[in-house]
Amino acid sequence: MKLQKGGRDGAAGRGTMEEAKIKMAKTYQIVLAGSSWGVRNTFHSLVAILTTLVVITTIYLRKDGGHVSPKINASSSNSSSSSKCDLFSGKWVFDNESYPLYKEKECTFMSDQLACEKFGRKDLSYQNWRWQPHHCNLPRFNATALLERLRNRRLVFVGDSLNRGQWASMVCLVDSILPKTLKSMHSTANGSLNIFKAKDYNATIEHYWSPLLVESNSDDPVNHRVPERTVRVKAIEKHARYWTDADFLVFNTYLWWRRPVMNVLWGSFGDPDGVYKGVEMLRVYEMALRTWSDWLEVHVNRNKTHLFFVSMSPTHERAEEWRAAKGNNCYSETDMIAEEGYWGKGSDPKMMHVVENVIDDLKARGLNVQMLNITQLSEYRKEGHPSIYRKQWDALTQEQIANPNSYADCIHWCLPGVPDVWNELLYAYIFHQ
């Protein structure tokens, strides 16, 4: 499933048609294997096969206005054509022919926080890794197909700076196929909502800054570094009104919760009668997600909106966790972690279980939220962070310059890079649902 430069959209179309043919072929096998055929029934058998082909072809052609949709291709010889594949279980494969999916310098709206090559990184092998699920293949990313699916629709990412990095990746993935005059970028809601628009498609790909999902004193998209992080755990409407009518919603919230105790406010900011209380973080995290889920249950149009939640994005701030020198971090790392199942201490399974429980409860109430479990596959990629190769918003001190470890960014991800794979997974589910 390699992408050829300059022509991957057309190749993707041919690839999906081939997948349709393969599925039809598998249907032959199922029909033949599951029936007792005699010589006298040959004519009826042929009629049954032809009828099956007609039905399948009709279904494929009707979907997406006559275009065959990308499907998750189960390639295991031990599975039937209807079996499902775990896209999140697999391995990274070096592929410098198909990847990167775009060039950093050619992305019109590349973020200086994530443009590692621009800020001096020489080793670019982090751009050339493809995620390969164990028993199937990810559908090839096709920017034209995605924009067609988004025609007259909104794809909105809601969350923190990791979520914003995934949004920037998605913008870069579609940017190259659009002429300069047919795309735009603007901000609203005091800079909290950034909107990329593909004008010919009347499609938008947006990011809304809401690092804790519920209302907090960190909601300013620029000035959000505050000593006492406080959340209004029952308040979400201030944010939600900006993404109420979205067609695709992609949420995350994790790193901003990483402290033992969170300050919770009952009341409004600036209200002298407001009640503040320190509460154990995991409990507050669950309370916030319950507020979020209750809002979704009441306000989401179940016939329109597709919901996704992106799991924890891992950090690589302690090199001893992957058996390197203590005191180091992702700085100067150029290889990924080879240990299968590696899990760093920066990822909290208890928080992940809270998310899973809340999503399961929503499903029981008839509202489906698809979890994009990017944690394990991203754990291996200690070399994929910006490290020191990014714009420094504050002037570096002499002490920092002398010790690059001290200011290396081991939280965010270089682009092109790991977030592109998160979006390939998202793309697979957008078309698979």
Exercise. So which pairs with a foot in residues 280-298 pass salt bridge (Lys or Arg N to Asp or Glu O under 4.0 Å), sequence neighbours left out?
Worked result: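 For residues 280-298, and leaving out neighbouring residues, the salt bridge (Lys or Arg N to Asp or Glu O under 4.0 Å) pairs sorted by first residue read R283-E286, E286-R290, R290-D361, D294-R365, E297-R365.
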
For this session: Under the ring-ring contact (aromatic ring centres under 6.0 Å, His included) rule, collect the residues that match up with W256, sequence neighbours excluded.
Result: W209, H224

Problem set entry | Counterpart residues, ring-ring contact (aromatic ring centres under 6.0 Å, His included), relative to Y380 (two or more places apart) | none

In Å and rounded to the nearest 0.5 Å, what is the [atom1] to [atom2] distance from [X] to [Y]?
X	Y	atom1	atom2	value
D86	C136	CG	SG	8.0 Å
S210	L212	OG	CG	7.0 Å
T305	R153	OG1	CZ	10.0 Å

Exercise. Are F119 and Y389 an aromatic pair by the rule of ring centers under 6.0 Å?
Worked result: no

Problem set entry | F157 ring center within less than 6.0 Å of H207 ring center | no

Problem set entry | disulfide bond (SG atoms under 2.5 Å apart): pairs with one or both residues in residues 291-374, sequence neighbours excluded |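 Pairs touching residues 291-374 that pass the test: C330-C410.
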
In residues 261-278, what donor-acceptor pairs under 3.5 Å come from side-chain atoms, sequence neighbours left out?
| residue | atom | partner | partner atom | Å |
| --- | --- | --- | --- | --- |
| N263 | ND2 | T230 | OG1 | 3.1 |
| D271 | OD1 | D273 | N | 2.9 |

Problem set entry | Electrostatic pair R390:D409 at N-O distance under 4.0 angstrom |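 D409 and R390: salt-bridged.
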
For this session: Mind running side chain to side chain contact (heavy atoms under 4.5 Å, CB included) on V354 and L282 for me, showing each step along the way?
Result: CA-CA 8 Å; V354 169; L282 200 63; 4.0 Å; yes

Do [X] and [Y] pair up side chain to side chain, a donor and an acceptor below 3.5 Å, judged on atom types alone?
X	Y	value
E106	S176	no
E206	N194	no
Y201	N152	no
S125	D123	yes
T375	S311	yes

Can you tell if the side chain of [X] reaches within under 4.5 Å of the side chain of [Y], non-hydrogen atoms only?
X	Y	result
Y254	M352	no
H239	D219	yes
V250	V158	no
K391	Q113	no
I359	M371	yes
W257	T253	yes
R232	V214	no
Y427	M170	no

Problem set entry | Worked check of side-chain hydrogen bond (donor to acceptor under 3.5 Å, both in side chains) between S378 and W422 | CA-CA 9 Å; S378 304; W422 302 352; 3.0 Å; yes

Parallel, tilted or perpendicular: which describes the rings of [X] and [Y], with under 30° parallel and over 60° perpendicular?
X	Y	answer
H316	W413	perpendicular
F248	F308	parallel
W295	H299	parallel

Over all atoms of both residues, closest heavy-atom pair of [X] and [Y]:
X	Y	value
E321	G344	OE1-CA, 3.4 Å
N142	T144	OD1-N, 3.1 Å
L178	K183	O-NZ, 3.1 Å

N/O donor-acceptor pairs under 3.5 Å from side chains in residues 333-341, not counting sequence neighbours:
| residue | atom | partner | partner atom | Å |
| --- | --- | --- | --- | --- |
| E333 | OE1 | K382 | NZ | 2.6 |
| E333 | OE2 | W322 | NE1 | 3.0 |
| E339 | OE1 | R323 | NH1 | 3.2 |

More than 12 non-hydrogen atoms from neighbouring residues, nucleotides or ligands closer than 6.0 Å to [atom1] on [X], yes or no?
X	atom1	answer
K304	NZ	yes
K91	NZ	no
R225	CZ	no

Problem set entry | R381 to W92 six-membered ring, cation-pi geometry met (6.0 Å, 45°) |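 Yes - R381 lies over the ring of W92, closer than 6.0 Å to its centre and within 45° of its axis.
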
Exercise. Where do S98 and D95 land on the side-chain hydrogen bond (donor to acceptor under 3.5 Å, both in side chains) test, with the steps shown first?
Worked result: CA-CA 6 Å; S98 305; D95 182 353; 3.2 Å; yes

Exercise. Pick from W292, W167, F309, Y208: which one makes a ring-ring contact (aromatic ring centres under 6.0 Å, His included) with F251?
Worked result: W292

Problem set entry | ring pair (Phe, Tyr, Trp, His ring centres under 6.0 Å) assessment of W129 paired with F94 | CA-CA 5 Å; W129 291 94; F94 189 77; 5.2 Å; yes

